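What follows is a single structure, written as structure tokens, with notes after it.
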Amino acid sequence: MKMSRYFLHTLREAPSDAEAAGHQLLLRSGSIDQLMAGVYTYLPLGWRVKRKVEQAVREEMDRAGGIELHMPALQPLDIWEQSGRADSMGSVLFRLRDQRERAMALGPTHEEVVTSLFASHARSYRDLPMTLYQIQTKFRDEARPRGGLVRVREFTMKDAYSFDMDDAGLDVSYDAMFVAYRRIFDRCGVPTIAVEADSGAIGGKDSREFMFLTEIGEDVIVRCDRCDYAANTEKADFRRVPAPIKVPLPTEEVATPGTSTIEALAALLGVPASKTAKAVLYMATDPHDASAPAQPVFVVVRGEMQVNEIKVRNHLHGVELRPMTDVEARAYGIVPGYTSPIGIDARVRVIADRAVAETPNLVAGANRDGMHLRNVNHGRDWSAAEGDVIDCALAEVGYGCPRCDGTLGAARGIEMGHVFRLGRIYSEAFNVTVLDEAGKQRVPIMGCYGIGVDRIIAAAVEQHHDERGIIWPATIAPFDVHLVGLGLGRDAALAADAEALYAELEAAGLDVLFDDRDESPGVKFNDADLIGLPLRVTVSSRNQTAGVVEVQRRDAGEAEKIARADVVAHLVAAHRASIGTLLGR
RNA sequence: CGGGGUGUAGCUCAGCUUGGUAGAGCGCGUCGUUCGGGACGACGAGGCCCACAGUUCAAAUCUGUGCACCCCGACCA
């Protein structure tokens, strides 16, 4: 491609809307353009990157046995009601009506479509196992798009769905996807780690997220410093330190006027926060039944810990939680600021984290203004209901690893992909049955697997750039070679040779961006650095005289002078080597 | 949805406090000089100052109401 004829306009300064380096560089390099919050145009340069990423994903999915298809983004709302997610997806689902007022949705994901599709086509165990995938535009009405391509409302996802007869088959399908994901991210130059994850509104269990670790990540993960345990904090467990064996002491009241926070309480009584019990009050509502009254929930964790609301919600089967108001609390006889699990109104469901239940002689509220109780013990003075002592505290840096005696550290990350064993939630909802070898109807078990294509691009730039611009991994670079012609307008012979080299490189199978513009060397070099193609070739009168051209790798090293006659072979070899490294060959 | 911030030229911003009819740098066009790391000169194009409603002789500027975008939080297959 000749730059003089290309639709490409670099920016010297980044638009002020962009904060992350990767977002700024994608904008400055003329790769993307924002249309509105969370909606971007892929400009020609960015579009080439996107197609390369898609192709990398496609090849690896095919290699793993996936079969590509393409499902509609526009979907009837019926299927969302059939699965129950019309409610549970809530406001994230883009809804619309056609001219006959039929309710529809723009697909935020495709479990419903693929499962109803599979139901009408699959008949026999001979059709299984089957993994179907697509690369599709998804729509999610995100409350807060952010970070350029990181969280957007219209985006491209590769989503795959596996159908198997039994758990053992699902394991095979799942493992194949897991391996393919590793290869995809490696190939695109995006380092990821697989972490245990909450499966969220999609349902299912046993899910793993592939996280790209970065300061700008919106998820927090914890990792063990000794073993390979890693988990999203939404899901993470930690080792509760066994309490030293202590005899429960008699409770005693202590006056604590004006002490309604754990910090103030710990300071006033001279005890660590870990010797206190923290009460957090919620109202829980059922997203599937808006008419049902909100239920009061009282979560107790140790004073130094935070409630993991995701775990509480999952424990309560997907309810929505909101903080209880003081007015509501008083209606249940609760004194806000001095809340006590002791003698709580029977209508209030008490859920306790294991750590608080196992720690003796804690300071807790007395449910009287200005009063706390010392030496409160779970089991003697108060109790969560049967089955309501659970892991529901947030894992934090410095806590013990749940798997070994290591310590947890924390990092931020962006979710690049997610794989999980779905189970039969959807296949049952859509009445998928196939006949097994004995002629009996069986419901297949499903897995689902997603990758954010746009996020791969965002992460690749975030990971590979310097102060001058992008350093594209060779596998996803928009072009392979940046051919820079200096002073072509003043030297007809040079211009002719640059044209010839351009043609030779293209003929050799390289994608070339040829800067044939009438611009000064500084402008051209700066644009080349900004755009970040892996290889830069400079032709100039100076080099021409010596019979050489100059080759510069974007990722490292000094420029090399290469004999004009050898340059095509040299670049082909350099390109192959870079691709080979990323493919792990 | 709560909190904060910002809307003036394609981009980055000044002007707003103290109302008087629009500015800079970069970018863009033409011409000339330059030509290996964002050159220089001359001339030029380009703005419904986010929108609407007030106040005023007069509003980019003051007031109100919206809207958009960004950040933090809530939310998030």
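The shown structure was predicted, so the numbers you read here are calculated from the model rather than taken from an experiment. Letters go in sequence order (proteins before strands), and every chain restarts at 1. When reading the values below, keep in mind they use all heavy atoms of this one structure, side chains included, and skip hydrogens, waters and symmetry mates.
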Let me have a per-nucleotide readout for nucleotides 66-73 of chain B, 5' to 3', with B, S or -, counting only protein heavy atoms under 4.0 Å.
-> ---SSBBB
Rounding to a whole Å, what distance do you find between A/Met89:CE and B/C75:P?
-> 16 Å
Identified pairing partner of B/C35, criterion: Watson-Crick or G-U wobble below 3.5 Å | none
Decide, yes or no, whether a salt bridge links A/Arg554 with A/Asp466 under the criterion of side-chain N to carboxylate O below 4.0 Å.
-> yes
Taking atom types as modelled and ignoring hydrogens, do the side chains of A/Tyr174 and A/Arg208 form a donor-acceptor contact shorter than 3.5 angstrom?
-> no
Sequence-aligned protein contact record of nucleotides 31-38 of chain B, with B where the base is within under 4.0 Å of a protein heavy atom and S where only the sugar-phosphate is = ----BBBB
Side-chain atoms of residues 146-159 of chain A: list all donor-acceptor pairs with protein atoms under 3.5 Å, sequence neighbours left out, distances to 0.1 Å.
unit_1: A/Arg146; atom_1: NE; unit_2: A/Glu218; atom_2: OE1; d: 3.1
unit_1: A/Arg151; atom_1: NE; unit_2: A/Glu218; atom_2: OE1; d: 3.2
unit_1: A/Arg151; atom_1: NE; unit_2: A/Glu218; atom_2: OE2; d: 3.0
unit_1: A/Arg151; atom_1: NH1; unit_2: A/Glu142; atom_2: OE1; d: 3.0
unit_1: A/Arg151; atom_1: NH1; unit_2: A/Glu142; atom_2: OE2; d: 3.1
unit_1: A/Arg151; atom_1: NH2; unit_2: A/Glu218; atom_2: OE2; d: 2.9
unit_1: A/Arg153; atom_1: NE; unit_2: A/Ala37; atom_2: O; d: 3.1
unit_1: A/Arg153; atom_1: NH2; unit_2: A/Ala37; atom_2: O; d: 3.3
unit_1: A/Thr156; atom_1: OG1; unit_2: A/Lys50; atom_2: NZ; d: 2.5
unit_1: A/Lys158; atom_1: NZ; unit_2: A/Tyr181; atom_2: OH; d: 2.6
unit_1: A/Lys158; atom_1: NZ; unit_2: A/Tyr449; atom_2: O; d: 3.1
unit_1: A/Asp159; atom_1: OD1; unit_2: A/Gln134; atom_2: NE2; d: 3.4
unit_1: A/Asp159; atom_1: OD1; unit_2: A/Lys138; atom_2: NZ; d: 3.2
unit_1: A/Asp159; atom_1: OD2; unit_2: A/Gln134; atom_2: NE2; d: 3.0
unit_1: A/Asp159; atom_1: OD2; unit_2: A/Lys138; atom_2: NZ; d: 2.6
unit_1: A/Asp159; atom_1: OD2; unit_2: A/Tyr161; atom_2: OH; d: 2.5

Taking every heavy atom of A/Arg182 against every heavy atom of A/Ala194, the minimum-distance pair comes out as NH2-CB, 4.0 Å
Nucleotide paired to B/G10 in any strand shown, Watson-Crick or G-U, under 3.5 Å = B/C26
Please list every donor-acceptor pair under 3.5 Å in which a side-chain atom of residues 4-17 of chain A meets a protein atom from a residue at least two apart or in another chain.
unit_1: A/Ser4; atom_1: OG; unit_2: A/Asp516; atom_2: OD1; d: 3.1
unit_1: A/Ser4; atom_1: OG; unit_2: A/Asp516; atom_2: OD2; d: 2.7
unit_1: A/Thr10; atom_1: OG1; unit_2: A/Asp527; atom_2: OD1; d: 2.8

Results of side chain to side chain contact (heavy atoms under 4.5 Å, CB included) for A/Glu19 - residues two or more places apart only | none
Contact class for A/Gln24 (heavy atom, under 4.0 Å): base, sugar-phosphate, or nothing?
-> nothing
Which pairs count as ring pair (Phe, Tyr, Trp, His ring centres under 6.0 Å) when at least one residue sits in residues 543-563 of chain A, sequence neighbours excluded?
-> none
